[in-house]
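All remarks here apply to the structure that follows.
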Amino acid sequence: MACSIRPTLSSFRFSTVASRSLSRPFLRLPSITTSKLFFSSLDKAICMCGLMNSNCAGALGESNRLRATGMVRRDGNFMRVMASQASTAASPENTLEWVKQDKRRMLHVVYRVGDLDRTIKFYTECLGMKLLRKRDIPEERYTNAFLGYGPEDSHFVIELTYNYGVDKYDIGAGFGHFGIAVDDVAKTVELIRAKGGKITREPGPVKGGSTVIAFIEDPDGYKFELLERGPTPEPLCQVMLRVGDLKRSIEFYEKAFGMELLRTRDNPEYKMGLYCKGNIQCGM
Ligand SMILES: C[C@@H](O)C(=O)SC[C@H](NC(=O)CC[C@H](N)C(=O)O)C(=O)NCC(=O)O
Ligand SMILES: [Zn+2]
């Protein structure tokens with residue numbers, strides 16, 4: 001059924017704010033978190049992006065967590081961000097400098113759903129998110145629900161929008177997926193399957209890489225990638241969008257959002273190049 005509101009990519013909005021002084025000290029290490037913008041280009045127009053955001057946490061505990069991901073290794077007094085296969089990573093030195101200088105962070109991503117309670121149930125029971133708050137604006141005929149893995153003043157969160165009377169949307173080909181870091185992809189997939197969730201790609205190493213991933217769909221058809229990683233304070237770690245011109249997008253995110261290209265991951269055999277950008281380097 002054609003939807004009355006067609007959410008284009010613009011329906012995925014990111015709000016950013018210069019972060020106020022955070023209650024927690026800046027990490028001495030690359031900030032762990034958070035969500036990332038990855039750009040990937042496939043032939044004509046497919047891109048994946050996840051935006052880093054600054055999210056500082058206590059240092060030592062996080063450094064152990066970072067090391068648990070295998071992406072960061074102790075090197076003398078430094079932790080070295082390891083480049084994953086077929087990818088390059090920014091050096092830890094310029095990451096630390098960047099963390100000190102840049103205080104912006106991404107707040108939330110907004111998208112429309114056809115049944116708020118159905119989505120809240122799925123995100124809380126299957127993905128382990130918490131419902132942080134709801135806001136109903138009857139005069140504008142819409143309701144928001146905010147969900148995530150921690151409070152909004154320190155975590156990147158999802159802002160769901162329900163427009164009264166609209167029960168379905170075309171998601172469009174521009175949106176790729178959200179990435180959720182979990183410690184056991186297979187176990188999470190079985191939980192979701194048992195609750196009637198849709199698994200669109202069974203657990204296994206990502207094509208062209210080694211990270212164990214799986215793909216699932218939420219009740220509206222939005223895709224979530226489950227990535228097997230060590231413990232992290234910010235499991236909501238990626239938003240994948242597809243763009244038509246990788247270089248143009250990278251330049252825009254650098255100039256408009258002050259982001260830096262953090263790493264690249266090319267899979268020529270799959271005709272895709274993937275770039276990770278953000279305003280704070282992540283130790284992922
Ligand atoms: C880095 C990790 O978070 C990824 O998301 S890579 C996953 C990989 N992505 C692509 O292939 C992007 C191009 C694709 N044509 C698209 O438009 O989505 C992926 O989806 N691999 C599939 C697999 O089974 O490994
Ligand atoms: Zn991904």
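Read the numbers this way: they start at 1 and go in the same order the structure lists the ligands and their atoms.
Summarising the contacts of atom 2 (C) of ligand 1 with Met240, Glu225, Lys223, the nearest heavy atom is found in Glu225.
Tyr162 places none of its side-chain heavy atoms less than 4.5 Å from the side chain of Asp167. The shortest side-chain heavy-atom distance between Ile158 and Val110 does not fall under the 4.5 Å cut-off.
In this structure, Tyr222 and Phe178 have tilted ring planes: the angle between them lies in the 30° to 60° band. Using cut-offs of 30° and 60° on the angle between ring planes, the pair Tyr111 and Tyr123 is tilted.
Close approach to Gln238 involves these atoms of ligand 1, each under 4.0 Å from a residue heavy atom: 2 (C), 3 (O). Shown in contact with Phe215 at under 4.0 Å from a heavy atom are these atoms of ligand 1, numbered in order with element: 20 (O). Atoms of ligand 1 found under 4.0 Å from any heavy atom of Leu227 (numbered from 1 in listed order, with element): 3 (O). The distance from ligand 1 to the heavy atoms of His177 drops below 4.0 Å at these ligand atoms: 5 (O). Remark: ligand 1 atoms within the under-4.0 Å shell around heavy atoms of Arg201 are 23 (C), 24 (O), 25 (O).
Following chains of ILVMFWY side-chain contacts shorter than 4.5 Å, one can reach Ile120 starting from Leu236, so the two form part of one hydrophobic cluster.
Looking at Glu225, its N, O or S atom nearest to the Zn ion (ligand 2) turns out to be OE1.
For His108 and Phe156, the ring centers are positioned 6.0 Å apart or more.
Residue contact annotation: Met240 places no N/O/S atom under 2.8 Å from the Zn ion (ligand 2).
A cation-pi arrangement, defined by a distance under 6.0 Å to the six-membered ring centre and an angle within 45 degrees of its axis, is absent between Arg141 and Tyr164.
Under a 4.0 Å heavy-atom criterion, Ile213 is in contact with ligand 1.
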